[in-house]
Amino acid sequence: MVYYFILQWRMLNRLLKNWGLHVFLAYPLMLSSFILISKYLFLKSGYVEYMYMLIPVFLITGTAERSKNEFLRLCFSPAEYLGIRVVENVILALPFILYLLYAGKFLVAGILLLLSVGLSLLNFSSRSSFVIPTPFSKFPFEFLVGFRRTFWVLLMAYILGIIAMLVGNVYLGLFSLLLVILNCFFYYTTPEREFYVWVSCLMHRSFIWGKAKVAITYTTVLCLPLAALLAAGFPDQMMFIAGLQLLGYVYVILALLSKYANYPKEIIFPEMLGLMISMILPPLLLITIPYFYVRSQRKLKEILA
């Protein structure tokens with residue numbers, strides 16, 4: 001059982017190195033980011049503890065695929081298999097449990113711990129005859145694939161938006177809209193195969209502009225119902241809601257440009273960190289967007305020229 005977790009540790013470290021980040025820097029950075037974001041969220045809303053209970057549950061279900069668990073059953077004894085499942089689930093939930101305890105949310109932390117252990121007894125099949133219908137089939141890759149993978153994130157965001165309206169908390173509502181925007185942002189972090197770019201039969205400039213139009217249209221499809229709901233619930237905050245929506249478009253375009261600036265490779269961590277900094281400090285977008293646009297044109301020209 002110990003060898004399994006050693007292997008997982010090495011695989012995680014290898015992933016961090018592929019992102020261009022040294023492991024001794026990655027873990028302190030992730031820990032400090034988690035603490036700062038958690039402090040901010042708990043200061044702005046009194047209902048974040050429920051989100052901190054839902055997030056690890058969804059993470060745990062993602063590691064409980066039937067095919068993976070059947071493979072583990074073949075490699076380990078029943079006792080070792082159950083031990084692996086319990087420890088793996090608790091590790092995923094541990095940061096959230098510890099912060100909930102720090103915030104004084106003892107009941108929610110206890111429920112999350114029980115859920116983490118209880119979910120170790122369940123398997124979730126990654127294959128199903130049911131396919132979630134989407135309005136994104138006309139222009140596939142990013143939204144078509146991303147929507148089906150992260151449908152639960154969007155569902156959680158809309159639930160948070162409804163809760164925000166019921167309790168009159170505009171900050172929670174803005175966070176729910178930001179969650180949808182960031183979801184769209186991360187759709188553009190995985191590059192498609194070169195064939196799907198080449199087969200478009202477009203020049204590099206036309207390709208990137210076409211992609212940008214699709215990104216804005218599909219982001220609107222996912223965000224507009226929630227933004228309209230928030231505007232109806234908080235009419236005095238309509239300008240802030242509209243401003244966040246417009247800024248969201250800029251974020252998604254930034255993600256699109258950064259993807260093709262490194263194409264066909266994935267974006268490395270230092271550049272991803274630069275993206276995050278420019279998102280936190282929007283004036284930097286005046287530098288990062290032109291920079292990634294020029295690089296994306298250069299990369300696409302090699303394929304589409």
Side-chain angles (χ1 to χ4, degrees), residues 14-21 26 29-30 33 134-151 153-154 157 178-223 244-282 284-305:
R14 185 177 300 171
L15 177 63
L16 293 172
K17 289 179 181 178
N18 290 339
W19 285 351
L21 186 64
L29 182 62
M30 289 189 290
S33 299
T134 78
F136 309 126
S137 58
K138 186 176 181 180
F139 299 101
F141 175 65
E142 294 88 358
F143 276 80
L144 181 63
V145 175
F147 177 82
R148 286 174 174 158
R149 287 180 176 175
T150 62
F151 176 77
V153 177
L154 299 170
L178 180 62
L179 189 60
V180 178
I181 291 170
L182 292 178
N183 197 54
C184 299
F185 176 92
F186 284 108
Y187 289 167
Y188 287 93
T189 57
T190 303
E192 66 269 42
R193 296 179 181 178
E194 289 186 56
F195 171 78
Y196 295 109
V197 175
W198 174 80
V199 79
S200 66
C201 298
L202 296 171
M203 296 298 291
H204 53 282
R205 290 188 181 88
S206 301
F207 177 84
I208 206 70
W209 282 108
K211 279 282 190 177
K213 292 176 184 177
V214 171
I216 291 174
T217 301
Y218 284 170
T219 300
T220 303
V221 170
L222 292 182
C223 292
L244 179 59
Q245 181 64 49
L246 292 174
L247 188 61
Y249 291 139
V250 178
Y251 288 168
V252 174
I253 295 300
L254 177 65
L256 167 67
L257 295 175
S258 66
K259 181 178 82 164
Y260 290 109
N262 294 274
Y263 193 81
K265 297 180 180 179
E266 293 187 5
I267 185 171
I268 60 176
F269 188 83
E271 290 187 349
M272 178 62 77
L273 184 61
L275 291 182
M276 296 302 176
I277 294 174
S278 62
M279 291 169 68
I280 295 171
L281 302 173
L284 293 178
L285 293 169
L286 297 174
I287 299 174
T288 53
I289 287 181
Y291 169 74
F292 283 118
Y293 176 77
V294 172
R295 285 192 54 186
S296 65
Q297 291 297 293
R298 189 181 302 125
K299 288 286 186 179
L300 290 172
K301 192 175 182 180
E302 297 174 1
I303 303 172
L304 298 173

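Along the sequence shown, residues carry numbers from 1.
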Less than 4.5 Å apart, any side-chain heavy atom of [X] and any of [Y]?
{"X": "Val221", "Y": "Phe143", "result": "no"}
{"X": "Leu257", "Y": "Tyr291", "result": "no"}
{"X": "Leu29", "Y": "Ser33", "result": "yes"}
{"X": "Tyr293", "Y": "Ile208", "result": "yes"}
{"X": "Glu142", "Y": "Val214", "result": "no"}

In chain order, what residues pass the side chain to side chain contact (heavy atoms under 4.5 Å, CB included) check against [X], with sequence neighbours excluded?
{"X": "Ile216", "result": "Thr220, Tyr249, Ile253"}
{"X": "Val250", "result": "Leu285, Ile289"}
{"X": "Ile277", "result": "Leu273, Leu281, Leu284"}
{"X": "Leu154", "result": "Phe147, Val180, Asn183, Tyr187, Leu222"}

Item to check | With Ser206 via side chain to side chain donor-acceptor pair (under 3.5 Å) - residues at least two apart | outcome: none
Checklist entry - Of the non-hydrogen atoms in Thr219 and Gln245, which two are nearest, and what is the gap between them? => result CG2-NE2, 4.4 Å
Checklist outcome for this item: Shortest non-hydrogen pair, Met279 vs Leu182, comes out as CE-CD2, 3.5 Å
Item to check | All ring pair (Phe, Tyr, Trp, His ring centres under 6.0 Å) counterparts of Phe207, not counting sequence neighbours | outcome: Tyr260
Once rounded to the nearest 0.5 Å, what's the spacing between atom [atom1] of [X] and atom [atom2] of [Y]?
{"X": "Tyr188", "Y": "Ser258", "atom1": "OH", "atom2": "OG", "result": "11.0 Å"}
{"X": "Leu254", "Y": "Leu247", "atom1": "CG", "atom2": "CG", "result": "10.0 Å"}
{"X": "Tyr251", "Y": "Leu178", "atom1": "OH", "atom2": "CG", "result": "7.5 Å"}

Checklist entry - Which residue pairs satisfy the salt bridge (charged side-chain N to carboxylate O under 4.0 Å, His left out) criterion with at least one member in residues 285-295, sequence neighbours excluded? => result Glu271-Arg295
Item to check | salt bridge (charged side-chain N to carboxylate O under 4.0 Å, His left out) partners of residues 247-256, not counting sequence neighbours, each pair once | outcome: none
Checklist entry - Would Ser278 and Ile287 satisfy side-chain contact (heavy atoms from CB on, under 4.5 Å), going step by step from the backbone distance to the final call? => result CA-CA 9 Å; Ser278 62; Ile287 299 174; over 6 Å; no
